[in-house]
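Per chain, numbering begins at 1; letters A, B, ... match sequence-line order.
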2 protein chains.
Amino acid sequence: MTRALRQSRSADSEASPDTRARLIEAAGEEFAENGFAKATVRDICAKAAANIAAVNYHFRDKETLYLETLRHAHRYSIEHYPHHGGLASDAPAKDRLRAFVRAFLAKMLDADRPKWHGRLISREMTEPTPALTLIIEEGVRPQFAALCAIVHELAPSLKGESLEASAASVIGQALHYHHCNSMIKRLYTERKDGFPFDLEFLTDHITRFSLAAFESIERAAGEKSKNRRGKH
Amino acid sequence: MTRALRQSRSADSEASPDTRARLIEAAGEEFAENGFAKATVRDICAKAAANIAAVNYHFRDKETLYLETLRHAHRYSIEHYPHHGGLASDAPAKDRLRAFVRAFLAKMLDADRPKWHGRLISREMTEPTPALTLIIEEGVRPQFAALCAIVHELAPSLKGESLEASAASVIGQALHYHHCNSMIKRLYTERKDGFPFDLEFLTDHITRFSLAAFESIERAAGEKSKNRRGKH
DNA sequence: GTCCGATTGAAACAGATGTTTGATCGCCGC
DNA sequence: GCGGCGATCAAACATCTGTTTCAATCGGAC
């Protein structure tokens with residue numbers, strides 16, 4: 001009957017010349033800007049200069065289109081922004097933290113690449129859609145683990161939940177500038193030239209702030225264990 | 001013609017006995033859970049045990065209903081969670097920071113009060129809707145200013161953008177656990193009893209982390225100025 | 001050229017959703 | 001009792017939106 005579903009197309013193959021790719025591109029922009037619910041198939045097709053039926057032909061659903069778009073964004077993301085930021089794993093932990101923060105921020109804020117990749121993924125973080133857990137697990141968990149490893153080097157006294165919470169503190173700072181972007185911008189409107197929102201400033205601030213915290217935490221841990229050894 | 005708009009009702013007056021209040025309550029839950037787009041007037045009315053026409057009668061629009069709901073949440077929020085957290089303004093800065101973080105987190109995570117107040121407001125932060133800027137300005141800006149004052153006491157060497165970025169770092173940590181709630185939860189599923197997401201643990205961690213950062217920053221600033229004085 | 005499958009196109013369908021309408025009910029002052 | 005008025009209700013309306021249908025088109029294989 002319906003010859004709609006084209007389960008073929010191994011998700012990577014560049015078979016159809018254009019429309020499929022154009023659809024994903026257009027869908028990415030729409031979804032990133034308006035979210036899944038608000039973005040309409042018609043708008044997407046219009047932006048892709050494709051017929052409305054195209055989304056049903058190349059994908060099956062609006063939902064599958066979304067999922068495929070997210071997959072695309074995810075692949076792009078881990079390919080262009082590896083969490084080690086191009087640094088060797090035996091580089092000093094401080095540098096690796098900076099590289100991590102930088103890569104993380106760049107993923108979100110980078111403007112010269114089609115910027116919807118980051119926005120799409122961050123949208124998933126705040127309101128996850130059912131099936132995509134898999135992708136996110138695959139992308140986020142190793143990233144988080146890598147960060148935990150770095151933090152562990154910087155502050156060996158942190159363990160278990162405290163370690164993970166500290167890693168979350170680093171990520172939270174970075175994400176904040178992304179999530180509350182519009183809000184923060186408005187908070188700084190009184191400054192003539194706006195908030196210095198560039199990658200370098202933020203990387204620098206977040207790295208510095210976090211390193212300061214770890215340093216102080218370690219110092220305190222050192223004192224404590226010294227005292228303990230002294231008393232016993 | 002249409003006798004729909006009831007511009008009267010001074011936004012606070014408790015004129016209509018029930019339905020208006022029930023509508024706001026139901027709308028709050030629905031909007032907080034599903035966002036503005038996904039939440040349907042029919043669902044809201046069903047939850048409020050009101051007729052579909054009620055939302056048009058008491059408010060004018062779905063949008064006005066949303067706006068009014070947000071106003072309600074906002075009033076509730078600043079009333080029940082003052083940013084000073086009940087502390088006198090001459091209390092030690094460390095305590096005030098803790099109180100601030102605690103109030104901020106509580107606003108978001110508090111479960112025994114109808115928990116949608118916080119969720120609604122935080123939703124506005126990530127995707128602000130046009131008209132409500134006013135409310136948010138009114139609520140967020142003073143809160144942010146208060147935090148900046150606290151941070152300034154804790155780390156006098158921070159100034160201008162660095163000061164504001166540091167305040168944002170504190171807020172970012174707190175918001176992170178709220179925004180990425182579902183994501184974080186999933187990251188910790190391997191732990192049997194889940195992540196210790198309670199208010200106390202988070203307050204403690206964020207305060208500790210931030211205080212550590214400020215302490216270290218101040219120490220470094222002290223060193224630097226000492227060196228400078230020494231050299232000149 | 002012809003056939004066939006893949007792709008595209010225009011139109012229509014079906015369902016959901018915000019909004020409106022006109023009737024009805026309950027209450028209060030007269 | 002009656003008229004007026006605020007409030008509620010069931011039903012319908014108009015629009016938007018995801019999806020489907022079926023014909024038209026294109027490109028290559030034979």
Can you measure A:Tyr57 atom OH to D:dA23 atom P for me and round it to whole angstrom units? 17 Å

So, are B:Glu68 and B:Arg71 salt-bridged, with charged N and O less than 4.0 Å apart? yes

What is the distance from NZ of B:Lys62 to P of D:dT15, rounded to the nearest Å? 18 Å

D:dG6 phosphate, OP1 or OP2: any side-chain N/O from B:His58 under 4.0 angstrom? no

Can you tell whether the side chains of A:Asp43 and A:Lys47 come within less than 4.0 Å, N to carboxylate O? no

Nearest-Å distance for atom pair CD/P, residues A:Glu30 and D:dG18: 11 Å

Under 3.5 Å, is there a donor-acceptor pair between the A:Ser162 and B:His205 side chains? no

Let me know the distance between CD1 of A:Ile52 and P of C:dT8, rounded to the nearest Å. 14 Å

Within residues 35-49 of chain B, those residues having any heavy atom closer than 4.0 Å to DNA chain C are B:Ala39, B:Thr40, B:Val41, B:Arg42

Side-chain contact, heavy-atom cut-off 4.5 Å: A:Ile206 with A:Leu105? yes

Integer-rounded Å distance: D:dA7 C1' and B:Leu23 CG: 12 Å

If I take atom CG in residue B:Asp61 and atom P in nucleotide C:dT20, what distance separates them, rounded to the nearest angstrom? 7 Å

To the nearest Å, how far apart are A:Asn56 CG and C:dT8 C1'? 13 Å

Value in whole Å for how far the P atom of C:dT21 lies from CG of B:Asn51: 15 Å

Taking side chain as C-beta onward, heavy atoms only, is A:Thr69 less than 4.5 Å from A:Leu65? yes

Please determine, by modelled atom types, if B:Glu25 and B:Trp116 share a side-chain donor-acceptor pair under 3.5 angstrom. yes

Please classify the nucleic acid contact of B:Ala54 as base, sugar-phosphate, or nothing, using heavy-atom distances under 4.0 Å. nothing

